[in-house]
Amino acid sequence: MATATLSIDLDAIARNWRALDALSAPGVETAAVVKADGYGLGAARVAGRLARAGARRFFVATAEEGAALRQALGEAAQIMVFSGHMPGDTDMIGDLGLVPMLNSLEQITRHLEALPGHPFGIQLDTGMNRLGMEAAEWETVAPIVLSARPVLLISHLACADEPGHAANAAQLAEFRRMTDGAGVPRSLAATGGVLLGEDYHFDLTRPGVGLYGGLPFAAAEPVVRLSLPVIQVREVAAGETVGYGCGWTAPAPRRIATLAAGYADGLIRAMSNAARLWAGATPCPLVGRVSMDLVTADVTGLDAAPQTLDILCPEQTVDALADAAGTIGYEILTALGPRYARRYAEGRG
Ligand SMILES: *Cc1c(COP(=O)(O)O)cnc(C)c1O
């Protein structure tokens, strides 16, 4: 079968969630961010496992993602939507009990008019300039908005993966200035913010990438293994080339394996001549350009022709593969394509 297998260790995700939860004080709630289909790994399966581990609140990017998650999780879970309340979202938010994080006066007005009494949170901009209300705007409307009783005030750190960055303390101070005394639960920390320490934790943390084994949570357990079937193995002579654009030239006689996954599956072209595939602990360089459905690897160093090689495994984590391709682990995870056979491992713990 020329379909690669993406193995997802749901128990490792649960252990990563518990490990992040243990970094904040017992009174601080740890939510889970499962946007972009659980960072590419399957939001329903991930959130279901985390609900069993004790997570009660889940964040998604859009109301549509929230609707899909509601189907999977049932009524008890709290589902929060980062993009807030957009035109056309009202029925989904209302009928499915989603909690929008309102980002602007326009969204606040829309929400309070369309769904009076329906829970909402507020996202504040403390310096990232991406989503949320700016300080001046917030100060004007805060008394009115607070009287409608938001369930959560959040903001997001721009540089939390760089502990020494001055923006962290500046955003923390601004968040305090904008929310102290509001009497509403607060949340500032994603994965990076959890690692910055208790000052950043407030009432609720909302890690994403660390759950899935990615940096900046360096202590995370790896979660994914991606195994590619070998379709064909051939011998090439010194001076022969491999792949589109004759992108690699054999320096000596070499054995080349052709494997079933390519850039249509999220193995981005920047991995060409840069990443490695793995036979257990033995690395095999990816040689030549990544094609749409195929990659080629130099397996000369192996004793026997392999049946499969791994491109994500404990030897090459999402961040190591990202480094080879000049990107970040987040992008490697969320690029994982729909063609893989996804296998979930889940015990009872
Ligand atoms: C994606 C996101 C998170 C989770 O971030 P990680 O770095 O993956 O932990 C938390 N909060 C907001 C607002 C986000 O957009």
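Please read these numbers as outputs of a predicted model, since none were measured by experiment. Atoms within each ligand, like the ligands themselves, are counted from 1 in listed order. One-based numbering along the sequence shown.
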S187 side, atom OG; D203 side, atom CG - distance, nearest 0.5 Å: 8.5 Å

Find the distance between CG (L196) and CG (L23) and round it off to the nearest 0.5 Å.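 L196 CG to L23 CG: 11.5 Å, rounded to 0.5 Å.
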
Could you tell me the residue and atom name of the protein heavy atom closest to [atom], and the distance to it rounded to 0.1 Å?
{"atom": "atom 8 (O) of ligand 1", "value": "Y39 OH, 2.5 Å"}
{"atom": "atom 13 (C) of ligand 1", "value": "F82 CE2, 3.4 Å"}
{"atom": "atom 5 (O) of ligand 1", "value": "A190 CB, 3.3 Å"}
{"atom": "atom 9 (O) of ligand 1", "value": "T191 OG1, 2.5 Å"}

Any N/O pair [X]/ligand 1 closer than 3.5 Å:
{"X": "V209", "answer": "yes"}
{"X": "Q123", "answer": "no"}
{"X": "P207", "answer": "no"}

Is it true that, when you exclude D180 itself, more than 12 heavy atoms of the residues, nucleotides or ligands shown sit nearer than 6.0 Å to its CG? yes

Region of [X] that comes within reach of ligand 1 [heavy atoms, distance under 4.0 Å]:
{"X": "M80", "value": "neither"}
{"X": "Y330", "value": "side chain"}
{"X": "V33", "value": "side chain"}

Check for a donor-acceptor pair, side chain of N168 on one end and backbone N or O of E162 on the other, with a separation under 3.5 Å.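 Here the side-chain-to-backbone pair exists.
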
Donor-acceptor contact present, side-chain H118 to main-chain G97, <3.5 Å: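 Not confirmed, H118 side chain does not pair with G97 backbone.
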
My understanding is that we take every heavy atom of each candidate and find the minimum distance to atom 14 (C) of ligand 1. Doing that for R206, K35, M101, which one comes out nearest?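 Ranked by closest heavy atom to atom 14 (C) of ligand 1, first place is K35.
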
Could you list the atoms of ligand 1 found under 4.0 angstrom from a heavy atom of R130?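 In order of numbering, the contacting atoms are 15 (O).
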
If the plane angle is over 60° it's perpendicular, under 30° parallel, otherwise tilted; pick one for H85 and H111.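 Because their plane-to-plane angle is over 60°, the rings of H85 and H111 count as perpendicular.
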
Between the side chains of R49 and D9, is the shortest nitrogen-to-carboxylate-oxygen separation below 4.0 Å, so that they form an ion pair? no

Cation-pi check for Y344 against R45: NZ or CZ below 6.0 Å from the six-membered ring centre and within 45 degrees of the axis, yes or no? yes

